[in-house]
Engineer: 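Would you mind keeping the following structure in view while I ask a few things?
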Amino acid sequence: MAVTTATSMQSAPIRYDRVSIALHWFVAALVLGLWLLAQVWDFFPKHSAGRVALQSLHVSFGLVLAATLVVRIVWRASLGRRLPPANSGLLGFAARAMHLGLYILLGVQVLLGLFSRWLSTEALSFFWLFSIPSPVMPNKALADTLLEIHDTIGTTIVILAALHAAAGLLHHFIWRDGVLERMLFR
Ligand code: HEM
Ligand code: HEM
């Protein structure tokens, strides 16, 4: 399968715009941080102050992710620069499916996180500054089910993002075709 990018990229702008690039890496850092927080709090006993604080941080950064995702999607649909696909054929299809899949899973993950907290009796607070009132009645059983799905999707996102990152590194170090540079500041 041809891994050609040169022809489609020569006439096109070589990089995404700075806002898209900044948003891409900010979302990537948030996703990694949110996942790491959830791994770390497992070392703390249930209901301990440390565990609760890490969970509150997770929820607060989760709200930051929610807002950033909205900005990212609005930006992409409006002023954001869209580049021609970096690959054609099956590889191009796989890349597009991966990007779309990540957007969808991130959106679903945000909704599951928000509703699992709203359905529990714990407050959905933003860095201990203010709380967002729940639009739904508490339902502990449903909250637990949503959290299980949230847990599974969290792992799935991290695995897919790792594959996606591996593809980026393959483009850069093996194929040397400039695709990683599209998502890097000059
Ligand atoms: C949690 C981590 C990450 C997420 C959720 C993520 C998500 C995405 C998404 C959704 C796109 C599509 C952009 C668009 O067209 O709207 C994209 C593009 C891209 N990402 Fe990531 N990404 C992550 C981490 C990384 C890492 C670690 C690398 C590099 C090693 C990377 C390299 C790239 C590159 C080069 C593109 C542009 C591909 C192209 O132009 O076809 N990403 N990423
Ligand atoms: C891609 C981003 C995210 C990842 C990878 C992620 C991952 C996780 C993981 C692995 C857990 C542990 C689940 C368990 O122990 O059953 C968790 C719990 C949780 N997450 Fe997320 N999460 C993300 C985004 C969010 C967002 C956006 C919110 C909402 C604002 C959120 C809210 C929660 C809540 C409320 C919990 C339960 C904490 C508790 O037990 O009190 N998460 N998350």
Engineer: Could you go through Arg15 and Phe185, starting from their C-alpha distance and side-chain angles, then the distance that decides it, and tell me whether this counts as side-chain contact (heavy atoms from CB on, under 4.5 Å)?
Structural biologist: CA-CA 8 Å; Arg15 288 162 203 273; Phe185 293 112; 5.9 Å; no
Engineer: Distance check, rounded to the nearest 0.5 Å: Arg76 atom CZ versus Ser20 atom OG?
Structural biologist: 8.5 Å
Engineer: Side-chain heavy atoms under 4.5 angstrom apart, residues restricted to Ile, Leu, Val, Met, Phe, Trp, Tyr: same cluster for Phe61 and Phe26?
Structural biologist: yes
Engineer: Verify the neighbour count for atom CZ of Phe43: are there more than 12 heavy atoms of other residues, nucleotides or ligands below 6.0 Å?
Structural biologist: no
Engineer: Under 3.5 Å, is there a donor on one side chain and an acceptor on the other for Arg82 and Tyr16?
Structural biologist: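 Tyr16 and Arg82 do not have a side-chain donor-acceptor pair below 3.5 Å.
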Engineer: Nearest 0.5 Å, what's the CD1-CG distance between Ile73 and Leu106?
Structural biologist: 8.5 Å
Engineer: For Leu57 and Trp128: C-alpha separation, side-chain torsions, deciding distance, then whether side-chain contact (heavy atoms from CB on, under 4.5 Å) applies.
Structural biologist: CA-CA 9 Å; Leu57 267 185; Trp128 297 271; 4.1 Å; yes
Engineer: By the definition side chain to side chain contact (heavy atoms under 4.5 Å, CB included), identify the one residue from Asn139, Val136, Leu147 that meets it with Phe115.
Structural biologist: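 The single option meeting the side chain to side chain contact (heavy atoms under 4.5 Å, CB included) with Phe115 is Val136.
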Engineer: So, Trp118 side chain and Ile132 main chain: donor-acceptor pair closer than 3.5 Å or not?
Structural biologist: yes
Engineer: Please step through side-chain contact (heavy atoms from CB on, under 4.5 Å) for the pair His164 and His99, ending with a clear verdict.
Structural biologist: CA-CA 8 Å; His164 162 79; His99 297 164; 3.4 Å; yes
Engineer: Just how far is it from atom CG of Asp177 to atom NE2 of His171, taken to the nearest 0.5 Å?
Structural biologist: 5.5 Å
Engineer: Going from OG on Ser60 to CZ on Phe126, what distance comes out if it is rounded to the nearest 0.5 angstrom?
Structural biologist: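 Here the interatomic distance stands at 6.5 Å.
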Engineer: Can you give me the closest heavy-atom contact between Ile21 and Arg182, atom names plus distance?
Structural biologist: CD1-O, 3.9 Å
Engineer: I'd like to know if the side chain of Ser116 reaches the main chain of Leu112, judged simply by a donor and an acceptor atom lying under 3.5 Å from each other, with no hydrogens or angles considered.
Structural biologist: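 Yes, the answer is positive, given that a donor and an acceptor are paired below the 3.5 Å cut-off.
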Engineer: Looking only at non-hydrogen atoms, find the nearest pair between Met137 and Leu119 and report the distance.
Structural biologist: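 It is O-CD2, 3.4 Å.
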Engineer: Tell me if a side-chain donor or acceptor on Asp17 pairs with a main-chain N or O of Arg81 at a distance below 3.5 Å.
Structural biologist: yes
Engineer: Pick one: which of Gln55, His58, Glu122 meets side-chain hydrogen bond (donor to acceptor under 3.5 Å, both in side chains) with Arg117?
Structural biologist: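 The residue from Gln55, His58, Glu122 that satisfies side-chain hydrogen bond (donor to acceptor under 3.5 Å, both in side chains) with Arg117 turns out to be Glu122.
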Engineer: Do Val19 and Leu65 sit in one hydrophobic cluster, given that two such residues count as connected whenever their side-chain heavy atoms are within less than 4.5 Å of each other, even indirectly?
Structural biologist: no
Engineer: Grouping I, L, V, M, F, W and Y whenever their side-chain heavy atoms are under 4.5 Å apart, do Leu23 and Leu184 come out in a common cluster?
Structural biologist: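 No, it is not one cluster - the side chains of Leu23 and Leu184 are not joined through contacts under 4.5 Å.
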Engineer: Given the rule that I, L, V, M, F, W and Y join up when any side-chain heavy atoms are under 4.5 Å apart, are Leu114 and Val108 in one cluster?
Structural biologist: yes
Engineer: Using a 4.5 Å cut-off on heavy atoms from C-beta on, say whether the side chain of Ile14 contacts that of Glu181.
Structural biologist: no
Engineer: Locate the shortest heavy-atom distance separating Leu69 from Gly107; write the atom from each residue and the value.
Structural biologist: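 Heavy atoms of Leu69 and Gly107 come nearest at CD1-N, 4.0 Å.
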Engineer: Ignoring hydrogens and angles, tell me if any N or O in the side chain of Trp25 forms a donor-acceptor pair with the backbone of Met183 under 3.5 Å.
Structural biologist: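 The answer is yes, because a donor-acceptor pair under 3.5 Å joins these two groups.
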Engineer: Is any side-chain heavy atom of His172 closer than 4.5 Å to a side-chain heavy atom of Val179?
Structural biologist: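 Side chain of His172 against side chain of Val179, heavy atoms only: no contact under 4.5 Å found.
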Engineer: Please tell me whether Val110 and Leu100 are part of a single hydrophobic cluster in this structure, the criterion being side-chain heavy atoms less than 4.5 Å apart.
Structural biologist: yes
Engineer: Take a 6.0 Å sphere around CZ of Phe93 and say whether it holds more than 12 heavy atoms from other residues, nucleotides or ligands.
Structural biologist: no
Engineer: Which atom names give the shortest non-hydrogen contact between Leu63 and Ser125, and what distance separates them?
Structural biologist: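 Shortest heavy-atom contact: CD1-O, 4.3 Å.
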Engineer: So how far is it from Arg96 CZ to Asn87 CG, rounded to the nearest 0.5 Å?
Structural biologist: 9.5 Å
Engineer: Would you name the heavy atoms of Thr121 and Pro138 that are closest together and state the gap between them?
Structural biologist: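 For Thr121 versus Pro138, the nearest heavy atoms are CG2-CB, 4.3 Å.
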Engineer: Compare every heavy atom of Gln109 with every heavy atom of Ile157, then report the nearest pair and how far apart it is.
Structural biologist: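 Minimum heavy-atom separation between Ile157 and Gln109: CD1-CB, 3.9 Å.
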Engineer: Return the CG to OG1 distance between Leu102 and Thr156, rounded to the nearest 0.5 Å.
Structural biologist: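 These two atoms lie 10.5 Å from each other.
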